[in-house]
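Working notes for the structure below.
Remember, predicted model here, so these are calculated numbers, not experimental data.
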Amino acid sequence: MTWWSDDVEDDEPEFDESDVRVRPSRRGSRPRTKQRPEHADAVVGMVIGVDRGRYSVLLDENGPNERVISAARASELRRKSVVTGDRVDLVGDTTGDPGTLSRIVRIGERTTLLRRSADDTDEVERVIVANADQMLIVVAAANPEPRLRLLDRYLVAAFDAGIKPLLVITKTDLADPAEFLRNFAGLELPVFLSGEGQMPLGEIAQALVGHRTVFVGHSGVGKSTLVNALVPSAGRATGHVNLVTGRGRHTSSSTVWLRFAPETETASGWVIDTPGVRSFGLGHIDRANILRAFTDLDRVAEGCPRGCTHLPDAPDCAIVEAVEAGELGETGPARLESLQRLLTTFAGTTTP
């Protein structure tokens, strides 16, 4: 018999690991699972402010228990952005009492999403607001001078998001905006003119009631002044224009939702004030959405060849041919010019 013979008695049982010590996991003993709780008891709210990872959420809007609570984003949403205007589901303490914190567990479907990029080559989106249905563009007639291309970019972004644009021209006491407005004669764009002592607050208020309107504009055009006039409790800081550079100073540093409830109206709305910008990149825009904003031209475009740019040099463009034939009426040429300018702005080329 050899030393490796099976007949040798062995006092040690084979494969016995009962005495092995296993170090417990620092993350707890519960096994990981991809199943998430349904949160059937979640309540719905609207995000009206974001500040360093904390979200101000409005609950029971216009109801008897309307309140603003503070919330954090759940760990399962760490890769999803939550922006002002989002409809969200919350769990935890939703009383709104001091020191309480609830948790955002779901983000509702967005009806609109207003975005911009750093420049036209940057495809990274910077979300401005969700679920707004109007954009009020504020432009000064002078000091600073109105920038046609920037206004075009605002319009392209609004059309891409499916948001109705409105235009307010301030400081009309300093310059006549008539020549500037000729560029938009072909657009269905409501325009409000505002000057020193002649701010049409009543007309603007009627256009805002019942809507969620995001205010945009170049720094120094008087956007914050208009917001304060419409919402006296807003207290938005106002600045001035540098006489040397002609540029305004940024006075708004974050997007803020403000309840708009004029005394002359029974309904209310929301004024969404945004930081002033000097550039508005369109790297994320879908060209087709620009054409869809011109409903009459969009129908005619069905007869265009595949890949038609609708620009003046586009061969066999059905829109160009219809305008030249007078089939789109007196406003046809102006609307085509507006469409082509916006498409050219998006393309990053020089208008012919």
Side-chain angles (χ1 to χ4, degrees), residues 36-77 80-114 127-136 162-164 166 201-215 224 226-236 252 254-274:
R36 302 295 183 186
E38 296 183 359
H39 299 300
D41 58 340
V43 297
V44 180
M46 181 178 69
V47 178
I48 60 174
V50 180
D51 183 19
R52 292 170 293 184
R54 289 293 182 265
Y55 302 87
S56 297
V57 184
L58 179 71
L59 300 184
D60 194 28
E61 181 180 357
N62 297 321
N65 296 317
E66 180 179 288
R67 60 198 183 279
V68 176
I69 68 170
S70 182
R73 183 172 43 175
S75 58
E76 57 263 34
L77 297 180
K80 295 183 179 180
S81 61
V82 180
V83 301
T84 57
D86 270 333
R87 305 291 295 186
V88 296
D89 290 350
L90 306 107
V91 298
D93 193 331
T94 59
T95 61
D97 294 338
T100 58
L101 185 68
S102 62
R103 187 160 50 98
I104 298 174
V105 294
R106 276 189 297 266
I107 304 172
E109 183 178 355
R110 294 162 172 167
T111 56
T112 64
L113 193 63
L114 181 61
V127 178
I128 299 175
V129 68
N131 299 322
D133 63 341
Q134 290 190 150
M135 174 195 285
L136 190 140
I163 297 174
K164 177 184 177 181
L166 313 170
L201 293 180
E203 298 176 25
I204 297 175
Q206 290 182 0
L208 302 184
V209 170
H211 295 280
R212 299 176 178 183
T213 308
V214 54
F215 282 44
S224 295
L226 178 60
V227 170
N228 288 336
L230 292 167
V231 187
S233 61
R236 302 297 275 173
S252 302
S254 62
T255 299
V256 177
W257 284 60
L258 304 166
R259 174 67 60 78
F260 174 67
E263 296 180 357
T264 57
E265 302 287 345
T266 55
S268 63
W270 289 96
V271 166
I272 310 163
D273 192 18
T274 64

Report task. Starting at OG1 of Thr84, measure out to CH2 of Trp270 and round the result to the nearest 0.5 Å. Result -> 11.5 Å
Considering only heavy atoms from C-beta outward, does the side chain of [X] approach that of [Y] to under 4.5 Å?
X	Y	answer
Ile48	Arg259	no
Val209	Pro262	yes
Val57	Ser102	no

Query raised in the report: Is Asp133 paired with Lys164 through a side-chain N to carboxylate O contact shorter than 4.0 Å?
Result: no
Minimum heavy-atom distance between [X] and [Y], given as atom pair plus value:
X	Y	result
Ala42	Val91	CB-CG1, 3.9 Å
Asp86	Ser81	OD2-O, 4.0 Å
Leu77	Arg73	O-CD, 3.2 Å
Leu113	Ala130	CD1-CB, 3.9 Å
Ala132	Ile163	O-CG1, 3.6 Å

So, the side chain of [X] versus the backbone of [Y]: is there a donor-acceptor pair under 3.5 Å, distance only?
X	Y	result
Arg67	Thr94	yes
Thr274	Thr255	no
Thr112	Gly162	no
Asn131	Gly85	yes
Asp93	Thr95	yes
Arg212	Trp257	no

Report summary line: Exactly one of Leu226, Val227, Ile272 clears side chain to side chain contact (heavy atoms under 4.5 Å, CB included) with Leu136, and that residue is Leu226
Requested in this report: List the steps, then state whether side-chain contact (heavy atoms from CB on, under 4.5 Å) holds for Val82 with Val50.
Outcome: CA-CA 9 Å; Val82 180; Val50 180; 5.8 Å; no
**Report entry** side-chain contact (heavy atoms from CB on, under 4.5 Å) between Leu258 and Phe215, worked out
**Finding:** CA-CA 11 Å; Leu258 304 166; Phe215 282 44; over 6 Å; no
